[in-house]
Amino acid sequence: MPFTDETRARAREIIARYPDGPRSALLPLLHLVQADEGHVSQAGIAFCAEQLGITKAQVSAVATFYTMYKRRPAGEWLVSVCTNTMCDRMGGQAAYEALSEYLGIGHEETTGDGRITLEHAVCLAACDYAPVMTVNYDFFDGTQAPEALEIVRRLQAGESPQPSRAPRLCSFREVQLQLAGFPDERPGAVAEGVAGEPTLAGARLAARHGVAVPGFDPETPIARKEDAK
């Protein structure tokens, strides 16, 4: 599909963030393509190559390496269930199997109405909340099979269940635009969500024992390149 003038303008904005190495813009550009198309198509690969002045083979090598880039159209809701060791032992595999049976689809497949894509994930980096699943990369903690089924049923009913530690859900394409580096424009969404208790417990323990990065000052602004000259 042809990419819009808006998408091309956003691509230029992304590339401008990397003046010393525009090829570094490839990952956010691929997210931008997914925000436009819902996956990374051959046209999307050609678009990225054109924008960065590299070959389509170089773009394909990256797009096929990372599982976050989908080569087939993804649904409005990408449901990822962790089936790695900790989550597996805590009920993650059972949750995945229950969803697979209920939806009638397997790994990286999408329901016939195009709304839900299911995948099992090899570690979602949230072992202290196991078993976990994500919807468009936002976490639902402690999701045993019944809870996972309830979340998916609510999505099918047009509802938007609240993630455990994140703002209200947005669509797959919307979250791809955010991953490309553009802000969430929904009123109040950025301030939504809470920190999980296991995470807070670790932070409190570190503070109690004075564990911190040497010289760390949270009020220190990020240095700019021009300031270093």
Side-chain angles (χ1 to χ4, degrees), residues 1-80 108-119 121 134-139 155-156 158-163 165-193 222 224-226:
M1 61 174 291
F3 290 90
T4 64
D5 291 340
E6 181 180 25
T7 297
R8 291 180 178 275
R10 283 173 168 161
R12 290 191 294 272
E13 181 178 339
I14 290 171
I15 294 168
R17 299 171 191 161
Y18 304 90
D20 294 333
R23 285 183 59 173
S24 298
L26 178 54
L27 297 184
L29 272 185
L30 286 167
H31 283 299
L32 179 66
V33 165
Q34 287 200 141
D36 198 303
E37 297 189 297
H39 70 300
V40 178
S41 67
Q42 288 298 318
I45 288 174
F47 174 77
C48 291
E50 171 197 335
Q51 297 298 310
L52 295 175
I54 59 180
T55 68
K56 289 186 286 186
Q58 288 171 315
V59 177
S60 293
V62 174
T64 56
F65 180 82
Y66 293 105
T67 59
M68 57 193 177
Y69 301 121
K70 308 305 180 188
R71 301 309 306 276
R72 292 180 291 182
E76 180 182 5
W77 308 112
L78 173 64
V79 177
S80 310
E108 294 188 335
E109 294 181 350
T110 302
T111 53
D113 60 6
R115 296 192 63 204
I116 295 177
T117 298
L118 178 66
E119 65 179 10
T134 62
V135 177
N136 292 344
Y137 306 117
D138 282 330
F139 281 94
L155 293 173
Q156 290 178 314
E159 300 179 30
S160 182
Q162 181 68 36
R165 296 175 280 121
R168 74 198 88 145
L169 291 174
C170 55
S171 72
F172 179 76
R173 295 193 183 202
E174 289 171 336
V175 81
Q176 292 303 312
L177 194 58
Q178 294 167 31
L179 290 171
F182 295 93
D184 187 343
E185 301 289 355
R186 297 173 299 166
V190 174
E192 292 177 352
I222 298 175
R224 297 176 301 174
K225 181 180 296 185
E226 54 267 31

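Here the structure is a predicted model, which is why all the values come from computation and not from measurement. Atoms considered below: every heavy atom in the structure, side chains included; atoms not considered: hydrogens, waters and symmetry mates.
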Heavy atoms of Thr110 and Arg115 approach each other most closely as CG2-N, 4.4 Å
Discussion item. Contact between Arg8 and Glu50 at the side-chain level, heavy atoms closer than 4.5 Å - yes or no?
Written reply: yes
Item to complete: Step by step, work out the side-chain contact (heavy atoms from CB on, under 4.5 Å) result for Tyr18 and Arg23.
Response: CA-CA 8 Å; Tyr18 304 90; Arg23 285 183 59 173; over 6 Å; no
OG1 of Thr64 to CD1 of Ile45, rounded to nearest 0.5 Å, is 8.0 Å
- Message: Can you confirm whether Cys48 sits close enough to Leu30 that some side-chain heavy atom of one is under 4.5 Å from a side-chain heavy atom of the other?
- Response: yes
### Sidechain-backbone polar pair: Thr111 side chain, Ile116 backbone, donor-acceptor under 3.5 Å
yes
*Taking it one step at a time, do His39 and Tyr69 satisfy ring-ring contact (aromatic ring centres under 6.0 Å, His included)?*
CA-CA 7 Å; His39 70 300; Tyr69 301 121; over 10 Å; no
Correct closest heavy-atom pair for Ala11 and Gln51 would be CB-OE1, 4.0 Å
**Message:** Walk me through whether Glu119 and Lys70 qualify under side-chain contact (heavy atoms from CB on, under 4.5 Å).
**Reply:** CA-CA 11 Å; Glu119 65 179 10; Lys70 308 305 180 188; 2.8 Å; yes
Note: Ala74 and Phe172 closest approach over all heavy atoms is CB-CE2, 3.8 Å
Heavy-atom side-chain proximity of Met68 to His31 below 4.5 angstrom = yes
Within the structure provided, determine whether Leu177 and Arg10 are in side-chain contact (heavy-atom separation under 4.5 Å). yes
Here the pair of heavy atoms bringing Arg17 nearest to Gly181 is NH2-O, 3.3 Å
Arg186 and Glu192 ion-paired at < 4.0 Å | no
Between the side chain of Asn136 and the main-chain N/O of Cys170, is any donor-acceptor distance below 3.5 Å?
yes
May I ask you to check whether over 12 heavy atoms, not counting those of Asp113, lie within 6.0 Å of atom CG? yes
Please determine whether a side-chain nitrogen of the Lys or Arg among Arg71 and Glu108 lies less than 4.0 Å from a carboxylate oxygen of the Asp or Glu. no
Nearest heavy-atom contact between Val40 and Val33 is CA-CG1, 4.2 Å
- Task: Check whether any side-chain heavy atom of Phe47 lies under 4.5 Å from a side-chain heavy atom of Asp36, and answer yes or no.
- Result: no
| How far apart are the C-alpha atoms of Gln156 and Trp77, what are their side-chain angles, what is the distance that settles it, and do they pass the side-chain contact (heavy atoms from CB on, under 4.5 Å) test? | CA-CA 10 Å; Gln156 290 178 314; Trp77 308 112; over 6 Å; no
Leu52 and Pro22 have their tightest heavy-atom pair at CD2-O, 3.2 Å
- Start with the C-alpha gap between Leu169 and Leu155, add the side-chain angles, then the distance that decides, and say whether side-chain contact (heavy atoms from CB on, under 4.5 Å) holds. CA-CA 10 Å; Leu169 291 174; Leu155 293 173; 4.0 Å; yes
| field | Within 45° cone of Phe182 ring axis and under 6.0 Å: Arg173 NZ or CZ | value | no
CG (Leu29) and CD1 (Ile15) are apart, to the nearest 0.5 Å, by 5.0 Å
Worksheet item: So, the side chain of Thr117 versus the backbone of Leu78: is there a donor-acceptor pair under 3.5 Å, distance only?
Response: no
